[in-house]
There are 2 protein chains.
Amino acid sequence: MIDKIQIQDKRFELSSGAGSDAVHKDPQYSYAVTQLTENGQTGTGLAFTLGAGNDLVCNAARFYAENLKGIGIEDLMSNFGQTFKTLSNEQQFRWLGPHKGVVHLGLASVTNACYDLWAKKRGVPLWKLLIDLTPEEIVNTLDLSYLEDVLTRAEAVEMLQAEVSSRKERTTILQAGYPGYDTSVGWFNYDDEKVRENCKKAIDNGFTAMKLKVGSADPTRDIRRANIVREVAGEGAKVMLDANQQWTLPEAISICGELKNMNPYWIEEPTHPDDILAHMLLSEAVTPIKLALGEHVPNRIVFKNYLQAGCTSFAQVDAVRVGGISEFITISLMCKKFGVPVVPHVGDMGQLHQHLVLFNHIAMGHEALFLEHIPHLKQHFVNPIKIENGVYITPQEPGSSCDLK
Amino acid sequence: MIDKIQIQDKRFELSSGAGSDAVHKDPQYSYAVTQLTENGQTGTGLAFTLGAGNDLVCNAARFYAENLKGIGIEDLMSNFGQTFKTLSNEQQFRWLGPHKGVVHLGLASVTNACYDLWAKKRGVPLWKLLIDLTPEEIVNTLDLSYLEDVLTRAEAVEMLQAEVSSRKERTTILQAGYPGYDTSVGWFNYDDEKVRENCKKAIDNGFTAMKLKVGSADPTRDIRRANIVREVAGEGAKVMLDANQQWTLPEAISICGELKNMNPYWIEEPTHPDDILAHMLLSEAVTPIKLALGEHVPNRIVFKNYLQAGCTSFAQVDAVRVGGISEFITISLMCKKFGVPVVPHVGDMGQLHQHLVLFNHIAMGHEALFLEHIPHLKQHFVNPIKIENGVYITPQEPGSSCDLK
């Protein structure tokens with residue numbers, strides 16, 4: 001049973017300009033780290049923040065983690081959905097959300113530590129743990145409350161069951177490697193020349209998809225830089241543009257219209273992540289441009305709304321933003337039902353998500369589109385992700401690859 | 001200029017059953033208190049929580065408040081909208097929301113302290129400070145970003161300007177007193193007999209409107225108790241039912257149908273506060289029942305969505321939940337535009353909101369419907385609200401009546 005709980009506030013400086021976007025000019029990549037120990041084996045879970053306030057998330061994680069003392073990990077995970085529901089609705093703490101912001105980030109950290117410990121206990125990488133569970137066992141780890149109108153328990157089990165017969169052909173991804181895309185070619189503070197160089201490097205490294213930060217006060221800067229990326233990457237490459245919520249709705253409509261010419265694969269976070277109706281209007285106004293969002297969508301209920309509204313073409317759910325792996329899987333199931341690809345935002349630098357996208361593809365039948373790649377914290381992980389020729393090499397170590405040095 | 005900042009974590013025990021609802025079975029009413037001092041004069045601001053995690057909100061408040069040191073309060077408030085925008089978008093801390101949860105509660109506490117200090121500095125009650133400001137001065141205290149599609153600055157000024165000529169007739173409310181409604185007749189844990197007694201008392205005390213907590217596991221309990229309140233209060237009274245998010249959408253549709261018979265004035269928080277589309281479906285399914293919500297709606301952007309969706313008939317914005325008085329006024333302006341009455345949830349026990357509803361009525365032309373009344377913390381305030389014959393007696397002390405003993 002879990003007999004030791006440790007919470008750590010880990011913050012990492014970035015080299016100049018890295019991580020910058022239109023809204024976050026000078027971030028510090030940080031993790032609220034939960035460690036749960038059972039018989040000397042330690043599970044590690046992360047929540048991601050940008051520096052200030054990471055201590056608040058640590059405090060929230062501690063609040064939740066204390067409830068897990070004395071429970072065996074196998075027992076806990078056999079019905080984790082109920083635990084998730086109980087913790088996330090703790091009757092006083094719930095007021096601070098519900099299910100969003102600092103408290104939900106804290107829950108993500110704790111949830112992720114539980115899954116990591118579970119996989120380590122069984123001596124397998126997280127992706128293998130997950131694909132070896134039965135559909136019922138998977139669904140037992142989920143909290144489907146407030147989704148009754150779109151996804152019942154029976155339906156979730158059935159959806160997973162329906163994919164079992166075709167699984168085998170999708171396991172070839174384990175050898176081939178999951179494709180990555182390069183987010184670091186075009187951070188906001190990089191000058192044009194650096195963007196150009198980075199694009200060349202990305203292509204040399206085998207990437208065929210890459211992302212540029214937009215949302216400049218002067219839209220002509222965005223357009224100029226988007227054209228640079230397109231020019232260097234070529235017509236065949238996928239180029240994504242990310243505004244990080246910088247635009248108002250009228251601005252987004254106008255600027256997206258101008259960016260249409262360079263044929264972006266998607267435009268990401270055009271405006272405020274709470275503004276579902278603005279995204280509905282925008283997605284209609286800028287057809288055929290596709291919108292992507294999810295980095296700041298806090299929970300399954302808001303995702304449900306976005307999916308029902310039909311205004312996001314890519315769901316960028318992040319397991320270190322929503323309530324961890326459990327809610328990530330729940331949201332992935334909903335996306336499958338609505339026919340929307342899951343392309344996670346990787347606050348975890350892809351360490352955890354490389355496991356989750358394999359599970360999504362193999363067990364859920366999601367398309368293996370690509371996974372964001374951000375290399376800035378590689379040296380801090382015990383088992384950093386490996387990317388070769390633009391694909392993630394399938395991790396083999398037990399757990400979720402989230403242990404920090 | 002502001003030369004001293006104090007943050008306090010204040011928690012108060014409630015007597016047995018008070019404050020309980022279907023989701024919050026055993027709350028502890030708590031405030032994250034910000035105090036800003038300028039030349040020996042101290043402004044007090046509150047954010048409300050239910051106990052656990054109140055310390056997190058205090059830490060967030062401290063983070064924001066530190067930025068105000070060295071600024072004169074008159075200078076600050078002459079353009080507070082810009083300060084609000086800057087603080088709420090602090091580029092690292094913003095990740096923890098944005099504009100919701102712990103960080104936004106912290107901002108509420110600080111914002112409210114600024115307005116309190118401002119009113120005290122001028123030696124007037126907050127309601128008088130606000131109604132004496134010009135439309136431009138009011139709008140200078142607001143952050144209208146992400147509302148460009150529904151409320152521009154020019155429109156906000158115009159809306160206030162349009163009400164100036166008819167203000168005088170509405171100032172009669174200052175003598176008459178703002179009507180209250182009694183929330184404490186029917187807390188969830190109270191037994192039927194206590195509910196019946198409380199209803200009688202409420203009527204004896206001059207109330208013509210009161211609220212019952214519903215959301216029982218057994219819906220027949222809700223129906224029985226709702227009928228008790230209706231029976232005691234009579235057909236002429238307004239009886240509101242509050243489910244505190246307890247129902248799933250299918251449950252809400254079914255149970256609201258059964259509660260229709262006792263003619264509720266509104267049904268409050270039927271399901272999850274993030275679920276805009278569920279409220280749209282529900283409001284259509286249960287016509288003519290009216291829905292009320294806002295207690296857990298974190299910011300102006302989500303309120304904008306609810307107003308655009310047309311699925312809430314009463315906006316229960318709470319200035320100790322959204323980013324304080326500034327965002328409360330912003331949301332009230334939007335509500336005016338959409339023709340939706342503002343009936344605040346009173347996490348502040350009405351201390352602050354008694355000022356704000358007077359302003360909403362006199363300067364904005366909102367209907368003076370009624371204000372929630374919860375008496376449980378009266379003894380802890382320096383100037384507790386006074387309610388006589390069911391109406392709030394207009395406060396005359398300088399400030400926003402939020403000083404705690």
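Naming convention: chains lettered A, B, ... in sequence-line order (proteins, then strands); numbering from 1 in each chain.
- Scanning both residues, Asp143(B) and Gly81(B), for their nearest heavy atoms gives CB-O, 3.7 Å.
- Each of Leu105(A), Ile276(A), Asp149(A) has some count of heavy-atom pairs under 4.5 Å with chain B, and the biggest count is that of Ile276(A).
- The contact between Pro27(A) and chain B is made by backbone and side chain atoms together, counting heavy-atom distances below 4.5 Å.
- Annotation: maximal heavy-atom pairing with chain B below 4.5 Å, among His24(A), His272(A), His104(A), occurs at His272(A).
- Looking at Asp318(B), its side chain never comes within 3.5 Å of a backbone N or O of Glu295(B) through a donor-acceptor pair.
- Each of Val102(B), Asn54(B), Asp55(B) has some count of heavy-atom pairs under 4.5 Å with chain A, and the biggest count is that of Val102(B).
- Comparing Leu281(A), Asp26(A), Leu147(A) by how many heavy-atom pairs each has under 4.5 Å with chain B, the most go to Asp26(A).
- By number of non-hydrogen pairs under 4.5 angstrom with chain B, the leading residue of Glu90(A), Arg94(A), Lys25(A) is Arg94(A).
- Taking chain A as the reference chain and counting heavy-atom pairs below 4.5 Å, the highest number among Ser145(B), Pro298(B), Gly53(B), Gly101(B) is found for Gly53(B).
- Of the atoms belonging to Gln245(A), heavy atoms from both backbone and side chain fall under 4.5 Å from chain B.
- The candidate with the highest count of non-hydrogen atom pairs below 4.5 Å against chain B, out of Pro98(A), Gly51(A), Gly97(A), Ala47(A), is Pro98(A).
- Within 6.0 Å of NZ on Lys337(B) lie more than 12 heavy atoms contributed by other residues, nucleotides or ligands.
- A donor-acceptor pair shorter than 3.5 Å can be found between the side chains of His279(B) and Tyr306(B).
- Heavy-atom minimum distance, Gln246(B) versus Val23(B): OE1-CG2, 3.2 Å.
- For Phe63(B), the ring pair (Phe, Tyr, Trp, His ring centres under 6.0 Å) partners are Phe93(B), not counting sequence neighbours.
- Formation of a donor-acceptor pair under 3.5 Å by the Asp21(A) side chain with backbone atoms of Trp187(A) is not found in this model.
- From Ser30(A), atom OG reaches atom NZ of Lys10(A) across 11.5 Å, with rounding to the nearest 0.5 Å.
- Gln28(B) touches chain A through backbone and side chain together, each having a heavy atom under 4.5 Å away.
- Note: Asp275(A) leads Leu249(A), Val302(A), Asp275(A) in heavy-atom pairs under 4.5 Å with chain B.
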